[in-house]
Amino acid sequence: QVQLVESGGGLVQAGGSLRLSCAASGRPVSTYFMAWFRQAPGEEREFVAGISGTSSTTYYGNSVKGRFAISRDNAKKLMYLQMNSLEPEDTAVYYCATRLTSWASRGPNEYDYWGQGTQVTVSS
């Protein structure tokens, strides 16, 4: 079992920044591929960013490329999402997730464990 807990969400003005954190506990996840997803009301869950266990490879959704940065600290069992130049369209509940494999995936159905989500609201 893996438990994931997100934090760091909140209300921010357009153009501002936030950093989300995801704390993992239970089964070790240091070798697994992890990712951030987001879901706005009435929308499907969207891949935001993903990172390999060694942090050697990262992936980003087209809508956040160049503005968001994913990282992880395996020693602290933490994953981060630095979000810059936020736009109202970034408003959503943000979830962290992990697969029980090192293989990358952008599909939410491919993930085994999820956090409860943290709300990010960007005002215009």
Minimum heavy-atom distance [X]-[Y], with the two atoms named:
| X | Y | result |
| --- | --- | --- |
| Cys96 | Glu6 | N-OE2, 2.9 Å |
| Gln82 | Ser17 | NE2-CB, 4.0 Å |
| Ala92 | Gln119 | O-NE2, 3.4 Å |
| Arg99 | Ala104 | NH1-O, 3.6 Å |
| Glu110 | Ser105 | CG-OG, 3.2 Å |
| Ser55 | Arg72 | OG-CG, 3.2 Å |

Under 3.5 Å donor-acceptor, Ser30 side chain and Asn74 backbone: no
Plane angle bin for Trp114 and Phe37 - parallel if under 30°, tilted between 30 and 60°, otherwise perpendicular: tilted
Listed partners of Ser124 passing side chain to side chain contact (heavy atoms under 4.5 Å, CB included), at least two apart: Pro88
Donor-acceptor side-chain pairing of Thr98 and Arg27 below 3.5 angstrom: no
Worked check of side chain to side chain contact (heavy atoms under 4.5 Å, CB included) between Ser63 and Arg38: CA-CA 12 Å; Ser63 61; Arg38 68 185 182 186; 3.1 Å; yes
Aromatic contact, Tyr59 with Phe33 (centres under 6.0 Å): yes
Hydrophobic cluster partners of Leu18 (side-chain heavy atoms under 4.5 Å): Val2, Leu4, Val12, Leu20, Val29, Tyr32, Met34, Trp36, Val48, Ile51, Tyr60, Val64, Phe68, Ile70, Met79, Leu81, Met83, Leu86, Tyr94, Leu100, Tyr113, Val120, Val122
